[in-house]
Amino acid sequence: MNEMVTIPKVEYLRLKALDEDMSDLHSATAILDRIKAGTEDLIPSNVVDRLLDGDPPLRVWREHRELSQTELARRSGVNRIQLIDIEAGRKTGSVATLTKLAKALAVDLDDLVVATD
């Protein structure tokens, strides 16, 4: 048989809000732990703003990581001319190429792909 407890609705709503607050606190703590461990990256607002404004993602991330085109080409194994063409929007780059660049920049592949309608 199920045991039942009856409480006023106001008390129920208060307890529910406390439970939601605790859940948020656990989520925030988990994120802070990942940041401290180096597995979560904070993205500065100027990077987000540039991406939202339509700047080429590859250029935005490369500049955020303070890499020259030559250094990114060296780290990724991608030809510098190809990198320049991707940044300029003349080419999109293959999945393999973008994967190499994403790895060198420590970002997800999706972070380098420009969404099209």
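We're numbering straight along the sequence, starting at 1.
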* Structure fact -> By side-chain contact (heavy atoms from CB on, under 4.5 Å), Thr70 pairs with (sequence neighbours left out) Ser68, Arg80
* Counterpart residues, side-chain contact (heavy atoms from CB on, under 4.5 Å), relative to Val47 (two or more places apart) -> Ile43, Pro44, Leu51, Val60, Trp61, His64
Looking at every heavy atom in both [X] and [Y], which two are closest together, and how far apart are they?
X      : Y      : answer
Ala73  : Leu83  : N-CD1, 3.8 Å
Arg90  : Ile84  : NH2-CG2, 3.6 Å
Val107 : Asp111 : CB-OD2, 3.6 Å

Is it true that a side-chain atom of [X] and a backbone atom of [Y] form a donor plus acceptor pair closer than 3.5 Å?
X     : Y      : answer
Ser76 : Ala104 : no
Ser23 : Asp19  : no
Thr97 : Gly93  : no

How far does [atom1] of [X] sit from [atom2] of [Y], to the nearest 0.5 angstrom?
X      : Y      : atom1 : atom2 : answer
Asp24  : His26  : CG    : NE2   : 10.0 Å
Arg34  : Leu42  : CZ    : CG    : 11.0 Å
Leu109 : Lys100 : CG    : NZ    : 13.5 Å
Leu112 : Leu105 : CG    : CG    : 6.0 Å

* Is Leu98 close to Leu58 at the side-chain level, that is, under 4.5 Å between some pair of heavy atoms? -> no
* Asked: With side chains defined as the heavy atoms from C-beta onward, is the minimum distance between Thr92 and Ile86 less than 4.5 Å?
  ->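 In short, these two side chains do not touch, never coming nearer than 4.5 Å.
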* To do: Quick one: which residue pairs count as a salt bridge (charged side-chain N to carboxylate O under 4.0 Å, His left out) with a foot in residues 53-73, not counting sequence neighbours?
  =>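 Sorted pair list: Asp41-Arg65, Arg50-Asp55, Arg50-Glu63, Arg59-Glu87, Arg62-Glu87, Glu71-Arg74, Glu71-Arg75.
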* Asked: How far apart are the C-alpha atoms of Met22 and Leu18, what are their side-chain angles, what is the distance that settles it, and do they pass the side-chain contact (heavy atoms from CB on, under 4.5 Å) test?
  -> CA-CA 6 Å; Met22 186 59 70; Leu18 285 172; over 6 Å; no
* Do Val5 and Leu13 belong to the same hydrophobic cluster, where Ile, Leu, Val, Met, Phe, Trp and Tyr are linked whenever their side-chain heavy atoms lie under 4.5 Å apart, directly or via other members? -> yes
* To do: Could you state whether Val95 and Leu72 fall into the same hydrophobic cluster, counting links through intermediate Ile, Leu, Val, Met, Phe, Trp or Tyr residues with side-chain heavy atoms under 4.5 angstrom apart?
  => yes
